Structures are given as C-alpha cells and as structure tokens.
Trainee: 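After the structure tokens below, expect a handful of questions from me.
Keep in mind it's a predicted model, so treat the numbers as computed, not measured. Side chains are part of it too, since the values below use all heavy atoms of this structure and drop only hydrogens, waters and symmetry mates.
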Amino acid sequence: MEIKLDNFPDSEVMPERVAGFDPDGPEWTGMGVSIYSGIVSSLADRSDFDTLLDYYNDLYEMNVSPTNLPWPNAPSVVVPLVRTQLETVVSRLVSAVFVPRLYVVNGNTKDAAGTQHEVERFYNADFRKRHLQEAHITGLHLSARDGVGIMENTWTRKEVKRKVLVYKDKLDKDGVPQTDKNGKLIKEKSVEELTVIEVDAFDPQPVELRDFIVMPAWSRSIESAEAVAIKKHLTQTDLQSMINAGTLNQEWCEKAWNYITEGDNELGSDPQGTATYELGGTISIGDAGTDTPAPAGDPFGKLRGGLRVWRVHSSQYDLDGDGLAEENVFWVHDGSQFLLGWAPYEYWHGKRPFSALCLMPRPNRFYGFGIPESLRGLQEEASAQHNQRLAYMDLIISPPRYKVSGTKFEDQEKRWGPNTEVEVAAKGDYGFIDLPEVPQSSWTEESMLNKYADMLTGVASAGQPMSGNGKVPQKQQQAYQQSSNIRMDLIDRKSVV
C-alpha cells in the first residue's frame, strides 16, 4: 500500500541548491548510497563496541539470567557494585555542578557590566523554567554509563495553533461598544485561533551513544571526524513538518514511507538492537507502533510510527562547486538508502551541533571509560564470589546425605524432613555429611573488591589513614581526605567545561 504525505497543507519541495544535483538526477540516488555506505562501514568497525554497550547496560540494570550451575535454580545474585558506583558518581556531580547560580555573567565593557545581572538572571530563570537540568543530568548519566555522553545542541523554534477563549466588547450594528444600565461595557465570549511560539531558544538534547557515530570510527573527536551521524526515528508528522519547511524532499520521503508496511515502525528492526528500551526484557519492542496509517485526506486516521533516518554532518563533498569540500547536512533513510534531503551547514560558527562529555577519558581518543567498563572485572568477580558463597551456604543448611546399602525409607517420596522414618541395620548407616564454615577470607576478598571499585571511580569515603599507635596527626588526616577527592574533583571540572 502506498501512502502520500499530503495530509498537511502548503507542502513545499526542497529547492535545488546546486546545478546538476537535484532530486530527479542520478547524482541524488548516488549520493544517498555513498553516504549510507560510510554509515555501514563505521557501524561495522564498532560492532563489537555496540555489543559491549548492551552488556554494560545489563551490568548497570543488574540484568542476569537464572543459572542451573552447579544445580538447577542455583543462586544468581548480582552484587550492586556498578549500579551503586554509577549512581553515586552522578549524584555527586549533580550536587557539585548544578548550583542555584549556574550561569555567571560578567560584562566585558562598561555598558555590558551595567546589564550583566539582568542577563545572568534571564539565563538562570530560563534554565529552570524549561527544565534544562533534566537534559544535562541525563547527559551525565549516559557519559557515566557508556564512557561518552553526547548532547545535541541546536536552536529550536516551535509554533503551534491553539484555540483560546477571549472576552471582547459587544458591538452594536454601527460598531459602537454597548453598555448595560449601569454604564459598564458588555463583554461577550468568543473562541479565537492563535499562533503561539512554544519554544524559540537553545534546546540541548541528550543522545544515546548507540544513536551517534563518528566516521571513520577511529576519529579522535567530533570536529576532526570526516563526518558524524545521529540516528532519528521520525514520525510522519515530523517528516511532513520538515517537508513543509523545505528541508526534505516530498517525493523521496513518500518512497521511504512505502518501505514500511501498514501500522509498522522501524525501531523494532534497528540493527543496533533495542536493549535500553526493553527494561531487562520486560518490554517487547514490536513493529506495530500505530494501528493504521492515515489515508490521504483522512483526518481521523492514525499516522505511522518512526522512520529510521540518519542525519549526517559531512565535510567530504564539494557541492557548491568551489573546488573545496564544505560542511553539508544530509538526511538518509536507513532501510532504503534513499537521500531524503540535504542542505549546506549554515551555522555561522561552523562547529557541528554536538558536544561530547567523557568523565573518565582515554587520552586523545573520542571514546572514554564508562563506569561499567571500568568495573566490569570487579563486578563479575564480586558476583561470582557472592554466588559461590550463597551456594555453599545452601549446602551447609541442607547438607548432602549418605546411606549404606540396604537402608530403607518408609515413604520413598519423603526421604528427609519432619517425621521421616528410616530403617537401618546399625547406627551411622544414614546421616549428613559435615561441611566446614565459609572461610573468613572469602568475605574479606569481596570487601577488597568494593574498595578497589571506590579507588577506580574516586567515590571512596574519607575514612582514616592507618597508624601504628592509633593516633593520627590532624595534618595527615586532612591530606588523606583531600587525596580521596582528587579523582572526583577532576571529573567535576570536566562536567563544568
């Protein structure tokens, strides 16, 4: 079934910007294939990394499958090491960075200094009014989990039409306001449709690392990469709005929509998986995001779900004909490789609208260390030791039994429990095998693993330094407490920057 994206009025086809490169020419199709091949190559180069991202998310969410080793339904507890450390780091950063006076403004001239307090008050009030703190906290959280957090930093303007109730003066046939017997103006109610600007400001949005790639995959930063791409799941409404704005080409968007069957969306078929959407397997990500698509002209039909589209910022192509490759923005459909639209990058500063935050960076590399990655070995060992101890304690509580040949049970279905009767030839023919207690060294080792985790993340409590005579000089205590905060102070500075 084909679908036309003509539910909305005033649809415009994206204007041709370069001679010889238009939606009807062969270059348009070739450009889509060329850009998509770069996306596929970068995803293939980091496929192992994407697999690990799913595993690190499982460590954070404490997802584990029941085990049947060494026996069915054996203990399979996840020690909350990664979760505790990650939440502690994020909590400390939020309390240290997001102070009430977040933005501090200083005027560089005499006139600017006279109004700096008003500018500062505006930005801090806007930060609270639009709840931007939640977006920044999510960015910190993603950085702590994945090793690098991505923020998409764009200016957003959104206009909506709303019907509002207004009171107007009641006019007579000559257009003169009417009054009551007391001389007061008579008001009458009416409904008017107004255009309201909901957002017209800087709008930072956190992006999951699985939805953002640098090309090539070994690029050292966003700016030095030949191209970067962000994955979006655009609804029919999103696409039509971009068509109306002249950003996307209507014909190619309709072709892309026809790759989706009725009532489907493309999230469930994402090759990079949907692990972070599934909540440990408790939510199924199906394709049926909407019941039915909206037929042309049908105002009551539901729109289709998300179309998987890559927005690519690339400096690999010369599309203005000056002999030098410039920064351009492309929209490519993942399923069909269709180029849906393109535009030259028009921000005056020239920088790509993304920023990366690495709380624990790898020097001179784009991808940093996430807390699950850093604590992976400690987490696995701590959980393994803890479950071994639990299994052994199960044996101590319900120890294995022995019996000699000829031992008989009155009830073959009840060989152990209250009122169990056993017929033996001699005392000692039936009994329990004595097991030693869990060694103290096992508990000590798990405690050491927790301490190692504190050392890695920098969230170790101040504690007390060791001293032979039991008395610790005050200066030594202060030095010890300061040293425990060095790692966290460094992370704080990175978060502020």
Trainee: Counting N and O atoms only, with roles assigned by atom type, does the side chain of Ser34 sit under 3.5 Å from a partner on the main chain of Gly30, one being a donor and the other an acceptor?
Mentor: no

Trainee: When you measure from the side chain of Thr274 to the backbone N and O of Asp270, does any donor-acceptor pair fall under 3.5 Å?
Mentor: no

Trainee: Does the Thr88 side chain pair with the main chain of Thr84, one donor and one acceptor, at a distance under 3.5 Å?
Mentor: yes

Trainee: CG of Asn68: more than 12 outside heavy atoms within 6.0 angstrom?
Mentor: yes

Trainee: Under 3.5 Å, is there a donor-acceptor pair between the side chain of Asp334 and the main chain of Arg308?
Mentor: no

Trainee: Are the side chain of Ser447 and the backbone of Trp443 linked by a donor-acceptor contact shorter than 3.5 Å?
Mentor: no

Trainee: Which of these, Tyr345, Trp342, Phe330, sits in a ring pair (Phe, Tyr, Trp, His ring centres under 6.0 Å) with Tyr317?
Mentor: Phe330

Trainee: Show your reasoning for whether side-chain hydrogen bond (donor to acceptor under 3.5 Å, both in side chains) applies to Arg101 and Asn124.
Mentor: CA-CA 7 Å; Arg101 186 186 173 195; Asn124 284 301; over 6 Å; no

Trainee: Would you say the side-chain atoms of Glu326 pair up with the backbone N or O of Pro344, donor to acceptor, closer than 3.5 Å?
Mentor: no

Trainee: Strictly distance-based, threshold 3.5 Å: is any side-chain N or O of Asp146 a donor or acceptor partner for the main-chain N or O of Val148?
Mentor: no

Trainee: Kindly give the heavy-atom pair with the smallest separation between Glu120 and Val104, and that separation in Å.
Mentor: OE1-CA, 3.6 Å

Trainee: Working note: Glu87 + Arg92, criterion salt bridge (charged side-chain N to carboxylate O under 4.0 Å, His left out); need CA distance, chi angles, decisive distance, verdict.
Mentor: CA-CA 9 Å; Glu87 298 291 353; Arg92 289 196 181 184; over 6 Å; no

Trainee: Can you tell whether the side chains of Glu208 and Arg145 come within less than 4.0 Å, N to carboxylate O?
Mentor: yes

Trainee: Which heavy atom of Ser42 sits nearest a heavy atom of Pro216, and at what distance?
Mentor: OG-CA, 4.1 Å

Trainee: Classify the side-chain pair Asn244/Gln240 by whether it contains a donor and acceptor separated by less than 3.5 Å.
Mentor: yes

Trainee: Side chains of Gln85 and Asp454: any donor to acceptor distance under 3.5 Å?
Mentor: yes

Trainee: Whether the Gln316 and Glu226 side chains hold a donor-acceptor pair (N or O, under 3.5 Å, no angle test) is what I'd like checked.
Mentor: yes

Trainee: Honestly, is Arg220 close enough over Phe366, meaning NZ or CZ under 6.0 Å from the six-membered ring centre and within 45° of the axis?
Mentor: no

Trainee: Spell out, as yes or no, whether a donor-acceptor pair under 3.5 Å connects the side chain of Thr67 to the backbone of Ala74.
Mentor: no

Trainee: Hey, is the main chain of Pro439 close enough, under 3.5 Å, to the side chain of Arg389 for a donor-acceptor pair?
Mentor: no

Trainee: Aromatic ring centroids of Phe338 and Tyr259 under 6.0 Å?
Mentor: yes

Trainee: What's the shortest heavy-atom distance between Ser143 and Leu357, and which atoms?
Mentor: OG-O, 2.7 Å

Trainee: Going by the angle between their ring planes, with limits at 30° and 60°, are Phe127 and Phe98 parallel, tilted or perpendicular?
Mentor: parallel

Trainee: Does one side chain, of His333 or Ser336, offer a donor that lies under 3.5 Å from an acceptor on the other?
Mentor: yes

Trainee: Examine the side chains of Thr276 and Asn57 and answer whether a donor and an acceptor come within less than 3.5 Å of each other.
Mentor: no

Trainee: According to ring-ring contact (aromatic ring centres under 6.0 Å, His included), who are the partners of His349, at least two apart in sequence or on a separate chain?
Mentor: Tyr347

Trainee: Using distance alone, with no hydrogens and no angle criterion, decide if Asp238 and Thr235 have a side-chain donor and acceptor under 3.5 Å apart.
Mentor: yes

